[in-house]
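To start, the structure itself, in structure tokens.
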Amino acid sequence: MKEQGKRKRKRGRQRHPQNQQSKTITKHGKQTLQHQPSTSATSKPPKSSTFLDKMRARLSGGHFRMLNEKLYTCTGKEALDYFTENPALFDMYHSGYQEQMSHWPELPVNKIAEWLNGRSPSLVVADFGCGDAHLAKIVKNKVFSFDLISNDPSVIACDMSNTSLDSSSVDVAVFCLSLMGTDFPSYLQEAHRVLKPKLLIAEVKSRFDPNTGGADPKDFSRAVCDLGFASELTDFSNKMFILLYFKKKEKHDSESKEIEWPELKPCLYKRR
Ligand code: SAH
């Protein structure tokens, strides 16, 4: 992606316990998507370019917000058709996404890489909604990277509710800020199909804040468990995102009760 170089990627040192019990790291403050000033104050561009730059940024910011809202309000199949018809919109979305992420003090993809790098590199990973496939580039594992459009030979283009992976063929499934479509349960169902043991989810914190219309993380976790997983760790410690770690249950009665999925509200970004 064009703006990849600008992305700030910090690598924290936090480790997660490995035991089987479900644990919760307590919340240290509310997530806000209120944004810091968008450029560093150190170097001022010449006046003539400032106006044009501002107009350009405003236009692309507007496009990003429109595409972001689209992704949160349609199914994966609709999103796939939409971007396949016009792949340039996908690039536009990702430029805006990188811009938004450059304001986050820590990126969830780095926390996930940290988790993987603390384990055997022989674990096979599926990165559902990989974006620019950054995860595959910063871990030693074999990573199958999936997204709606492939701008990189390592990315497999598809709607992630329907991947080309064999059943029980991967060790870790990752969803990093990618449970976007209205049919997100079908993405998790697909992860359950292709997985042997581990499911890692990082999502925007405000989507799981019941005080502001978000889902109750317990309801979400329960639904994932009903799919055939056991919760291992829920980490609320980051200001911007939550991390959920699950383990696939060895035996699961797939004919059991219908799963009640909570609604996950879209994460709409404010104009900067
Ligand atoms: N995981 C990456 C990118 C997150 S942005 C990171 O952490 O940087 C969310 C990504 O999910 C986008 O690239 C979007 O195209 C992808 N996505 C959303 N719905 C999808 C679907 N149904 N199938 C495949 N990819 C999807």
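One-based numbering along the sequence shown. In this text, all values refer to a predicted model and were calculated from it rather than measured experimentally. Basis for what follows: all heavy atoms, side chains included, without hydrogens, waters or symmetry-related copies.
Asp147 places no side-chain N or O within 3.5 Å of a backbone atom of Val155 that could act as its donor or acceptor partner. Distance alone, capped at 3.5 Å, is enough to place a donor-acceptor pair between the Glu190 side chain and the Thr163 backbone. Formation of a donor-acceptor pair under 3.5 Å by the Ser178 side chain with backbone atoms of Phe128 is found in this model. In this structure, Asp209 contributes its side chain and Gly214 its backbone to no donor-acceptor pair below 3.5 Å. Using modelled atom types, no side-chain atom of Glu203 and backbone atom of Phe208 make a donor-acceptor pair closer than 3.5 Å. Put simply, the side chain of Asn141 never gets that close to the backbone of Val143: no donor and acceptor are under 3.5 Å apart. Checked by atom type and distance alone, the side chain of Lys205 pairs as donor or acceptor with a backbone atom of Phe236 at under 3.5 Å. Although no hydrogens or angles enter the test, the distance criterion places a donor-acceptor pair under 3.5 Å between the side chain of Lys265 and the main chain of Thr212.
Residues Asp152 and Ser150 share a closest heavy-atom pair of O-OG, 2.8 Å. The shortest heavy-atom contact between Leu264 and Ala215 is CD2-CB, 3.7 Å. Here the closest non-hydrogen pair linking Cys225 and Ser231 is SG-N, 3.6 Å. What you find for Tyr187 and Thr75 is that their closest heavy atoms are OH-C, 4.3 Å. Closest non-hydrogen pair, Ala113 versus Ile138, comes out as CB-CD1, 3.5 Å.
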Check your understanding: Can Phe175 and Phe184 be said to form a side chain to side chain contact (heavy atoms under 4.5 Å, CB included), step by step?
Key -> CA-CA 11 Å; Phe175 289 86; Phe184 72 87; over 6 Å; no

Exercise for review: Could you walk me through whether Leu227 and Gln189 pass side chain to side chain contact (heavy atoms under 4.5 Å, CB included), step by step?
Suggested key: CA-CA 7 Å; Leu227 197 57; Gln189 180 86 57; 3.5 Å; yes

Check your understanding: Going through the checks in order, is the side chain to side chain contact (heavy atoms under 4.5 Å, CB included) test met by Arg207 and Leu179?
Key -> CA-CA 10 Å; Arg207 303 184 81 199; Leu179 291 177; 4.3 Å; yes

Check your understanding: Between Met180 and Leu148, does a side chain to side chain contact (heavy atoms under 4.5 Å, CB included) hold up when you go through it step by step?
Key -> CA-CA 12 Å; Met180 301 183 85; Leu148 296 164; over 6 Å; no

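Residues passing the ring-ring contact (aromatic ring centres under 6.0 Å, His included) test with Phe246: none are found, sequence neighbours excluded. When the ring-ring contact (aromatic ring centres under 6.0 Å, His included) test is applied to Phe229, the partners found at least two apart in sequence or on another chain are His192. Every residue was checked against the side chain to side chain contact (heavy atoms under 4.5 Å, CB included) condition with Glu263, not counting sequence neighbours, and none meets it. Considering only residues two or more places apart in sequence or on other chains, Tyr72 meets the ring-ring contact (aromatic ring centres under 6.0 Å, His included) condition with none of them. Looking at residues two or more places apart in sequence or on another chain, you find a salt bridge (charged side-chain N to carboxylate O under 4.0 Å, His left out) between Asp171 and Lys196.
Within a 6.0 Å sphere centred on NZ of Lys249, heavy atoms belonging to other residues, nucleotides or ligands number more than 12.
One distance of note links CG of Leu67 with OH of Tyr82; it measures 5.0 Å at 0.5 Å rounding. Remark: Ile156 CD1 to Cys158 SG distance equals 7.0 Å, nearest 0.5 Å. In this structure, the separation between OG on Ser167 and CG on Leu195 is 11.0 Å, given to the nearest 0.5 Å. To the nearest 0.5 angstrom, Leu243 atom CG is 7.0 Å from Ser237 atom OG. Atom-to-atom distance recorded for Asn162:CG and Ser186:OG is 9.0 Å, nearest 0.5 angstrom. Rounded to the nearest 0.5 Å, atoms CZ (Phe146) and OG (Ser154) are 11.0 Å apart.
Residues Arg222 and Asp226 are not paired through a salt bridge, judged by the lack of any N-O separation under 4.0 Å between the basic side chain and the carboxylate.
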Can you list, pair by pair, the side-chain donor-acceptor contacts under 3.5 Å of residues 83-90, counting residues two or more places apart and other chains?
from	atom 1	to	atom 2	distance (Å)
Thr84	OG1	Leu80	O	2.4
Asn86	OD1	Ala88	N	3.4

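Note that Lys247 lies outside the cation-pi zone of Tyr245, set by a 6.0 Å cut-off to the ring centre and a 45° limit from the axis.
Screening Glu69, His94, Met92, Gln100 against Phe64 for a side chain to side chain contact (heavy atoms under 4.5 Å, CB included) leaves a single residue, Gln100.
For the residue pair Gln98 / Asp132, a side-chain donor-acceptor distance below 3.5 Å is found, with atom types taken as modelled.
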